[in-house]
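To start, the structure itself, in structure tokens.
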Amino acid sequence: MRKLLTAICLFIMTCGSSIAQQIPQPVQDFINKDFPETNFRFDGAIILPDKTMYLPVFPAKTNESEELNIKSSYPVNTTLKQKPDMIILDNNFVLLKVINTNGKKTVINMVAPPEELQSGLLPQDILLPKGLVIPTSLKGIIGNLDVDIAQETGLRINNSRYQGKKPTTPVEPLDGKTFYISSGTNKNIQVIHTDAKNPEYALEQNAVIKDMKAYNNEFLLVTYFDSKVMNIISLMDEKVIKEVRFEICPEQIIIDKNNKIAYITSSSNSSIYIFSLETMTLKKRLKINGQCEKFTLSTDATKLFYVDRNNNDIWAIELDNNYLLKNIGSFPNVSKIAYENGKIYIISRTKNRVAIVDYETNGFLSELEVCEKPVDLYAHNGELYILGAQENIVEILNTEDDVITDKLFLNTNAFATAITPIENSNLVMITNARSGLYSVIDTETKEIIKTSPIDVPVRNIVITNKVSTIK
């Protein structure tokens with residue numbers, strides 16, 4: 001059965017998001033000549049590859065110019081490549097370098113700032129660096145920005161419970177990375193570097209975390225139980241840079257990094273929101289059938305799947321076909337859904353089975369018995385990794401022949417709960433919410449290559465490269 005989503009792609013008018021001021025393309029082109037990997041952040045901040053930060057001051061009046069050059073700089077006669085404290089381009093656009101003076105972040109302090117700077121304005125959605133001090137002579141460029149908020153100390157708090165580094169040796173693809181963990185028993189996000197098993201510190205939160213995802217090793221998107229807000233946390237300065245408000249509590253988050261989109265569910269009002277990761281704004285609202293849970297994006301990013309918690313109906317949304325909605329059927333106690341080789345795989349936690357459905361015909365193909373209490377499912381290179389919590393086992397199913405080819409026993413005496421892929425590798429991590437252990441599986445060799453201790457139970461885990469702070 002097929003039907004179009006009702007109220008497809010409604011633009012969000014009531015969610016409290018505003019479109020940030022973007023750096024003009026000629027200015028981006030000018031900077032990219034010397035620093036091609038520059039991050040032009042959604043809020044207007046300009047961050048060079050070495051994490052040097054420039055604040056853009058938009059001119060009151062722009063002079064048109066076919067090709068931008070430097071009108072003046074401080075120190076004088078310096079090029080962008082030399083990273084001066086101030087640059088004025090010949091279109092009157094000003095770049096102010098964030099500098100560190102006696103341990104405090106600030107910008108150039110001039111007795112008589114040039115007219116281009118005095119008459120300009122910072123983007124009004126910009127995240128000013130933690131602890132930034134704006135000189136009195138430049139107060140006019142602030143506009144409506146709340147500088148007091150910008151001078152807060154951030155989210156980082158010490159962990160008195162975890163004192164002293166307990167070293168461990170990570171597998172090579174995890175070396176130099178950082179774990180951000182929500183335990184479900186504590187509101188805060190625990191931060192663990194992979195050469196240790198205990199948190200170095202925590203990021204303070206005001207509510208228990210529902211879901212948490214990372215984007216571009218730079219931001220955390222976080223939803224909470226009983227909260228209508230999704231927070232965007234900048235990992236470079238460890239503070240909330242944006243609160244995205246919803247009509248009803250947001251819940252699950254899926255990141256499509258290739259298309260720079262996040263999909264966010266709100267089951268209580270039968271909605272899925274499409275969120276731009278480039279501008280950090282809500283773009284569309286998809287009105288769906290039922291209350292969404294067990295939310296999944298296919299590996300080719302063409303389809304979303306979810307279960308209606310009201311009646312166990314499974315629905316697919318065809319993202320490349322005008323958001324067409326397709327009913328797959330009803331299955332009991334669904335733990336997870338996956339899509340491979342034109343087939344839908346559905347595991348039932350209580351029935352210890354995986355059902356296989358042909359997507360095009362919606363025909364039931366077969367049903368296989370799998371490990372006890374299957375709680376998670378991960379699709380990779382034509383194979384499915386099925387996590388059984390009862391016996392702490394991972395079963396591998398070949399989707400060509402739909403047979404179990406391998407069984408990996410974790411031997412952790414725990415209650416494994418989740419599979420997390422490790423980006424840019426063939427490895428996956430198995431974590432659990434009751435015991436301080438995680439296992440790493442190589443999907444090429446089908447082997448458990450390491451089991452490591454960790455001092456906190458894991459409900460949600462995000463793995464990023466170790467983040468450099470803004471200079």
Side-chain angles (χ1 to χ4, degrees), residues 184 211 252 254 292-299 303-309 311-316 328-341 343-359 364-422 427-435 437-443 446-448 451 457-461:
D211 200 7
Q252 284 185 268
I254 288 179
C292 172
E293 65 177 9
K294 314 301 180 187
F295 192 41
T296 306
L297 177 68
S298 62
T299 53
K303 299 173 182 64
L304 291 169
F305 295 90
Y306 71 91
V307 180
D308 178 1
R309 69 175 59 159
N311 55 20
N312 293 319
D313 273 1
I314 294 176
W315 294 89
I328 306 301
S330 182
F331 296 85
N333 305 109
V334 175
S335 297
K336 199 70 179 285
I337 306 166
Y339 175 79
E340 283 287 309
N341 288 330
K343 294 175 283 189
I344 308 166
Y345 294 83
I346 306 152
I347 53 174
S348 170
R349 179 181 175 123
T350 54
K351 298 295 183 180
N352 303 331
R353 290 182 177 275
V354 57
I356 307 172
V357 177
D358 183 278
Y359 184 82
F364 180 79
L365 296 177
S366 63
E367 188 176 61
L368 303 176
E369 186 171 352
V370 295
C371 45
E372 290 189 63
K373 287 189 171 55
V375 293
D376 205 358
L377 185 62
Y378 172 64
H380 178 69
N381 287 344
E383 295 178 314
L384 298 182
Y385 289 75
I386 304 167
L387 177 60
Q390 182 67 35
E391 298 177 296
N392 286 297
I393 187 175
V394 175
E395 293 184 336
I396 303 171
L397 186 148
N398 184 307
T399 62
E400 288 289 338
D401 304 318
D402 291 329
V403 295
I404 301 293
T405 59
D406 295 272
K407 296 186 178 184
L408 306 177
F409 291 89
L410 300 173
N411 297 321
T412 56
N413 292 322
F415 193 86
T417 51
I419 305 173
T420 301
I422 300 171
L427 307 183
V428 296
M429 177 188 292
I430 311 296
T431 55
N432 68 82
R434 296 184 184 177
S435 177
L437 288 170
Y438 69 87
S439 297
V440 178
I441 293 175
D442 189 325
T443 61
K446 309 295 188 298
E447 294 178 335
I448 300 170
T451 296
V458 178
R459 185 179 186 276
N460 289 303
I461 186 167

Starting from the C-alpha separation in whole Å, work towards a yes-or-no answer on side-chain contact (heavy atoms from CB on, under 4.5 Å) for T451 and L410. CA-CA 8 Å; T451 296; L410 300 173; over 6 Å; no

Evaluate side-chain contact (heavy atoms from CB on, under 4.5 Å) for T443 paired with N381, printing each intermediate quantity in order. CA-CA 9 Å; T443 61; N381 287 344; 5.6 Å; no

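Proximity of T417 to D376: side-chain heavy atoms (C-beta onward) are nowhere separated by under 4.5 Å. Side-chain contact between K336 and L387 is absent, with no heavy-atom pair separated by less than 4.5 Å. N312 places none of its side-chain heavy atoms less than 4.5 Å from the side chain of V334. Contact check for V428 versus I422: no side-chain heavy atoms found under the 4.5 Å cut-off. In this structure the side chain of I461 never reaches within 4.5 angstrom of the side chain of Y438, judged on heavy atoms. Residues L304 and Y306 fail the side-chain proximity criterion, which asks for heavy atoms closer than 4.5 Å. I356 has its side chain within reach of L368: a pair of non-hydrogen atoms, C-beta onward, lies under 4.5 Å apart. Contact annotation: the side chain of I344 never approaches that of F331 to less than 4.5 Å [non-hydrogen atoms, C-beta and beyond].
Of all heavy-atom pairs between K373 and N352, the closest is N-OD1, 2.9 Å. In terms of heavy atoms, S439 sits closest to I448 at CB-CG2, 4.3 Å. The shortest heavy-atom contact between A389 and V375 is CB-CG1, 3.8 Å. Pairing each heavy atom of L377 with each of I386, the nearest pair is CD1-CG1, 3.5 Å. Shortest non-hydrogen contact noted between R353 and E369 is NH1-N, 4.0 Å. Closest heavy-atom contact between S348 and P332: OG-O, 3.0 Å.
To the nearest 0.5 Å, the span separating OG on S335 from CD1 on I346 amounts to 11.5 Å. From F305, atom CZ reaches atom OH of Y345 across 12.0 Å, with rounding to the nearest 0.5 Å. Going from atom CD of E395 over to atom CD1 of I404 covers 4.5 Å, rounded to the nearest 0.5 Å. Put simply, OH on Y339 and OG1 on T399 are 11.0 Å apart, with the number rounded to the nearest 0.5 Å. The structure places CD1 of I441 at 7.0 Å from CD1 of I419, a figure rounded to the nearest 0.5 Å. Rounded to the nearest 0.5 angstrom, L408 CG and K446 NZ are separated by 9.0 Å.
Checked by atom type and distance alone, the side chain of S330 pairs as donor or acceptor with a backbone atom of N311 at under 3.5 Å. In terms of modelled atom types and a separation under 3.5 Å, the side chain of Q390 and the main chain of C371 share no donor-acceptor contact.
In this structure, Y378 and Y385 have tilted ring planes: the angle between them lies in the 30° to 60° band.
The 12-atom threshold is exceeded at NZ of K303, counting heavy atoms of other residues, nucleotides or ligands nearer than 6.0 Å. The environment of NZ in K351 is sparse: at most 12 heavy-atom neighbours from other residues, nucleotides or ligands sit within 6.0 Å.
For N398 and T405, the side-chain atoms include no donor-acceptor pair closer than 3.5 Å.
Under a 4.0 Å N-O distance rule, the pair K407/E391 does not qualify as a salt bridge.
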